[in-house]
Amino acid sequence: MTSYDPYQPDQQPANPAYPPSAPYPVQPYPVQPYAAQPYGQYVQQPYAAYQPLTTSGMAVAGMVVGIVALVLFWVPFVDLVLGFLAIGLSWGGMVQADRPGYTGKGMGIAGLVCGIIAVIPAVIVMLFFFGIMAAAGTAACTYAC
């Protein structure tokens with residue numbers, strides 16, 4: 001058994017194919033003098049300004065109006081007006097969100113879908129409402145007129 005001392009440098013025979021490397025000469029980095037500026041005259045270097053993205057207000061308004069139109073589908077005239085308003089605002093918001101610097105295209109799509117879905121039952125409820133009114137008016141007029 002051989003004794004191995006990890007604290008002693010390895011004593012391996014030199015290989016003539018690979019000569020030992022010589023230490024690199026130490027060269028100091030060139031020192032450049034610091035140009036001191038007078039107090040109070042610090043000039044900040046210009047940099048590219050970051051402009052944050054703006055959410056399209058029309059897309060937000062279209063989504064909100066579309067959700068309100070979904071809730072009020074049973075009110076005949078109000079829902080029809082709110083549904084078409086939501087469709088128009090959402091469409092304008094989607095167009096505005098495509099421009100550089102704007103976001104909110106997803107909210108515009110959501111408002112457009114809510115507006116379209118709200119208009120369909122509004123038309124059905126309105127036709128039902130006018131049908132009942134017409135039937136009630138015709139029945140009353142048949143006997144009394």
Side-chain angles (χ1 to χ4, degrees), residues 4-12 14-15 17-145:
Y4 175 73
D5 188 10
Y7 300 108
Q8 295 295 325
D10 290 334
Q11 300 295 331
Q12 296 179 353
N15 189 349
Y18 299 106
S21 62
Y24 292 106
V26 178
Q27 296 177 355
Y29 291 106
V31 178
Q32 296 177 352
Y34 176 70
Q37 296 178 350
Y39 180 74
Q41 294 184 4
Y42 176 74
V43 178
Q44 186 176 4
Q45 297 295 325
Y47 58 92
Y50 170 73
Q51 183 176 0
L53 297 175
T54 306
T55 304
S56 172
M58 284 194 291
V60 174
M63 185 180 69
V64 169
V65 171
I67 293 171
V68 170
L70 276 176
V71 172
L72 297 177
F73 76 93
W74 52 275
V75 180
F77 295 108
V78 174
D79 184 54
L80 202 59
V81 170
L82 288 177
F84 285 123
L85 185 64
I87 291 170
L89 284 171
S90 298
W91 190 274
M94 287 171 44
V95 169
Q96 186 179 22
D98 283 338
R99 294 185 182 151
Y102 285 96
T103 62
K105 189 167 185 174
M107 285 187 277
I109 292 171
L112 186 68
V113 169
C114 288
I116 290 171
I117 291 174
V119 167
I120 294 170
V123 169
I124 293 171
V125 168
M126 201 154 73
L127 288 174
F128 181 73
F129 177 74
F130 284 130
I132 289 178
M133 291 299 144
T138 308
C141 191
T142 312
Y143 300 112
C145 294

statement: Heavy-atom nearest pair, Lys105 first then Ala97, reads N-CB, 3.6 Å
task: Working to the nearest 0.5 Å, report the span between CZ of Phe84 and CG of Asp79.
output: 10.0 Å
query: How many angstroms lie between atom CD1 of Ile132 and atom CG of Leu127, to the nearest 0.5 angstrom?
result: 11.5 Å
Euclidean distance, Ile67 CD1 relative to Cys114 SG, rounded to 0.5 Å: 5.5 Å
query: Taking all atoms of both residues into account, what is the closest heavy-atom pair of Ala86 and Gly62, and its distance?
result: CB-O, 3.7 Å
Min side-chain heavy-atom separation Thr55-Met107 under 4.5 Å: yes
task: Indicate the atoms forming the closest heavy-atom contact of Ala69 with Gly83, along with that distance.
output: CB-N, 3.9 Å
- request: Any chance you could lay out the side-chain contact (heavy atoms from CB on, under 4.5 Å) test for Thr103 and Thr54, step after step, and finish with the verdict?
  value: CA-CA 6 Å; Thr103 62; Thr54 306; over 6 Å; no
query: Which pair of non-hydrogen atoms, one from Leu80 and one from Met126, has the smallest distance, and what is that distance?
result: CD2-CE, 3.1 Å
field: Atom pair CG/CG of Leu89 and Leu82 - distance to nearest 0.5 Å
entry: 10.5 Å
Considering all heavy atoms, the nearest Phe73-Pro121 contact: CD1-CB, 3.9 Å
- line: Between Gly108 and Ala59, the two heavy atoms sitting closest are N-CB, 3.8 Å
statement: d(Gln96 CD, Trp91 CH2) to nearest 0.5 Å is 15.0 Å
message: So, taking the atom named CZ in Phe129 and the one named CH2 in Trp74, what distance separates them when rounded to the nearest 0.5 Å?
response: 12.0 Å
